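As structure tokens, the structure follows; a few thoughts come after it.
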Amino acid sequence: MFSEPQSEQELLTRARDVAGLTLGELGARVEIEVPDEAVRAKGVAGQILEKALGATAASRAEPDFLKLGIELKTIPLDSAGKPKESTFVCSISLSTMADTDWERSTVFKKLSKVLFVPVEAASKTPLRDRRVGRAYLWAPNAEEQRRLRTDWERLAEMIAVGDVERITGHLGEVLQVRPKAPHGRSRRRAPDEEGAVQWTMPRGFYLRPSFTAAVLARLRALD
DNA sequence: TATTGATCATAT
DNA sequence: ATATGATCAATA
């Protein structure tokens, strides 16, 4: 049950088999406690699903399902069935953005194939009682790819030319750059406008909820 | 109240 | 320290 799935079909079947279970129930199966305080439980849904579906070791710059090249993302849904939060994609290496391009980017690789597992997240429902939803396998279509690329290229360019401090969460139609740090004191190297080093807050790429909503709508329609 | 900016936990 | 897993909470 918790071994690495050997095919896409096996992964999808497993994911769909746990649909309907609560985080508390699934957490018990994989020996992960669901904390009472939500603020102390930000990543637990993802951790429970990783373990339950047989993702290979977490905390590595690799796909969750290495053999299949598939990334796992849990996605919190509000009472209307729409994504409640943005989806974190990856942290950004600010100092090497100038040396990469879209096809070689971490965002491109991470999003090439994703298993989305929706999780009920109506704020009135206690975390342990929230149910896992129907999972979908996603690969960006041409249009989604184009929109991601457009945003990525603009944001990457800003970082590369030293304008990282001018980036806000307002930029990007589907992909945005926002802080991603353990606390407010962390700093990362980034190029400044003269190409010298400046220290700034660590950041990551995130998918906007409106984008993941559209993706889920497309996948549901297909199935 | 939707969205941006800040933060929490665990693993290596 | 920095990667993973994200959601909280202040702001507009």
Side-chain angles (χ1 to χ4, degrees), chain A residues 15 23 26-27 30-66 70-80 82-97 105-107 109-111 114-128 130 132-133 135 151 155 158 164-190 197 199-214:
Chain A
L23 290 181
L26 192 54
V30 299
E31 301 176 294
I32 292 178
E33 282 282 323
V34 180
D36 291 320
E37 278 184 284
V39 69
R40 310 251 170 245
K42 293 186 185 179
V44 286
Q47 286 154 2
I48 288 170
L49 266 301
E50 276 186 338
K51 203 163 171 185
L53 300 181
T56 46
S59 280
R60 312 172 67 159
E62 293 174 343
D64 293 299
F65 303 98
L66 191 54
I70 294 175
E71 182 69 19
L72 171 66
K73 292 292 177 199
T74 58
I75 184 158
L77 301 185
D78 64 21
S79 49
K82 295 177 64 178
K84 190 180 156 191
E85 292 287 349
S86 56
T87 299
F88 172 69
V89 180
C90 59
S91 18
I92 303 175
S93 172
L94 299 166
S95 50
T96 61
M97 276 309 261
S105 69
T106 310
V107 174
K109 288 174 189 160
K110 286 255 178 185
L111 298 184
V114 178
L115 181 73
F116 280 116
V117 182
V119 176
E120 240 183 358
S123 41
K124 61 166 199 173
T125 310
L127 203 53
R128 63 163 44 81
R130 297 181 184 180
V132 176
D151 288 341
L155 294 163
M158 288 182 74
V164 63
E165 298 285 19
R166 295 228 271 265
I167 295 177
T168 72
H170 297 276
L171 299 178
E173 286 182 36
V174 300
L175 185 71
Q176 60 183 170
V177 168
R178 304 221 309 278
K180 169 61 171 170
H183 50 69
R185 285 111 55 206
S186 24
R187 288 293 181 275
R188 287 320 243 333
R189 282 190 172 79
V197 276
W199 291 87
T200 188
M201 171 155 303
R203 298 164 203 241
F205 283 111
Y206 295 80
L207 299 176
R208 290 187 179 278
S210 54
F211 180 68
T212 49

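Predicted model, so just to flag it, every value in this text is computed and none were measured. Worth knowing before you read on, the calculation uses all heavy atoms, side chains too, and leaves out hydrogens, waters and symmetry mates. Residue numbers start from 1 in every chain, and the chains themselves are labelled A, B, ... in the order their sequence lines are given, proteins ahead of strands.
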Seminar exercise, completed: From CD of A/E85 across to C1' of B/dT3 the rounded distance in Å is 10 Å
Problem set entry | Side-chain N,O (A/K84) to OP1/OP2 (C/dT7) below 4.0 Å | no
Exercise. Heavy atoms under 4.0 Å, any strand shown: does A/P76 hit a base, just sugar-phosphate, or nothing?
Worked result: sugar-phosphate
Problem set entry | Check: A/L23 and A/I32 side chains under 4.5 Å, non-hydrogen atoms | no
Exercise. Touch check for A/K110, heavy atoms < 4.0 angstrom, all strands: base, sugar-phosphate only, or nothing?
Worked result: sugar-phosphate
Exercise. Between A/R60 (CZ) and C/dT2 (P), how many Å, whole number?
Worked result: 19 Å
Exercise. So, does the side chain of A/K42 form a donor-acceptor pair with the base of B/dT7 at under 3.5 Å?
Worked result: yes
For this session: Return the value, rounded to whole Å, for the distance between atom CD of A/Q47 and atom P of B/dA11.
Result: 7 Å
Seminar exercise, completed: A/D36 CG to B/dC8 P, in whole Å, measures 18 Å
Exercise. With a non-hydrogen cut-off below 4.0 angstrom, is A/G43 in contact with a base, only sugar-phosphate, or nothing?
Worked result: base
Exercise. Looking for any heavy atom pair under 4.0 Å, which part of the strands does A/E71 touch: base, sugar-phosphate only, or nothing?
Worked result: sugar-phosphate
For this session: Identify whether any heavy atom of A/S186 sits under 4.0 Å from a base atom; if not, whether one sits that close to sugar-phosphate; answer base, sugar-phosphate or nothing.
Result: nothing
Seminar exercise, completed: Taken to the nearest whole Å, CG/A/L49 to C1'/C/dT7 is 16 Å
Exercise. Does the side chain of A/P63 reach to within under 4.5 Å of the side chain of A/I70, using non-hydrogen atoms?
Worked result: no
Seminar exercise, completed: The residue among A/V197, A/T96, A/T200 that forms side-chain contact (heavy atoms from CB on, under 4.5 Å) with A/R189 is A/V197
Problem set entry | 5' precedence on DNA chain B between A/Y206 and A/R40 (nearest-nucleotide basis) | A/Y206
Seminar exercise, completed: Of A/A181 and A/L171, the one whose nearest nucleotide on DNA chain B sits closer to the 5' end is A/L171
Problem set entry | Among A/L175, A/L111, A/T87, side-chain contact (heavy atoms from CB on, under 4.5 Å) partner for A/F205 | A/L175
Seminar exercise, completed: Nearest heavy-atom contact between A/L127 and A/P35 is CD2-O, 4.3 Å
Exercise. Between C/dA6 atom P and A/E50 atom CD, what is the distance in whole Å?
Worked result: 7 Å
For this session: Classify the side chain of A/K51 versus the base of C/dG5 as yes if they form a donor-acceptor pair under 3.5 Å and no if they do not.
Result: no
Exercise. Between atom CD in A/E62 and atom P in C/dA3, what is the gap in whole Å?
Worked result: 14 Å
Exercise. When you look at A/D36 and A/R128, which way does the side-chain contact (heavy atoms from CB on, under 4.5 Å) test go after all the steps?
Worked result: CA-CA 8 Å; A/D36 291 320; A/R128 63 163 44 81; 2.9 Å; yes
For this session: Taking only the side-chain nitrogens and oxygens of A/T87, find out if one of them lies under 4.0 Å from OP1 or OP2 of C/dA6.
Result: no
For this session: Could you check which of C/dT2, B/dT4, C/dA6 has an atom nearest any side-chain atom of A/K180?
Result: C/dA6
For this session: Side chain of A/A38 only, please: which of C/dA3, B/dT7, C/dC8 is the nearest?
Result: C/dC8
Exercise. Starting at CZ of A/R203 and ending at P of C/dA6, how long is that distance when rounded to a whole Å?
Worked result: 22 Å
For this session: Taking all non-hydrogen atoms of both residues into account, name the closest pair between A/E173 and A/R208 and its distance.
Result: O-CD, 3.0 Å
For this session: Just compare B/dT3, C/dT4, C/dC8 and give me whichever is closest to any side-chain atom of A/R208.
Result: B/dT3
For this session: May I ask you to check whether over 12 heavy atoms, not counting those of A/K110, lie within 6.0 Å of atom NZ?
Result: yes
Exercise. In residues 114-128 of chain A, which residues come under 4.0 Å of DNA chain C by heavy atom?
Worked result: none
Exercise. Where each residue is assigned the nucleotide of DNA chain C containing its nearest heavy atom, which of A/H170 and A/R188 is assigned the position nearer the 5′ end?
Worked result: A/R188
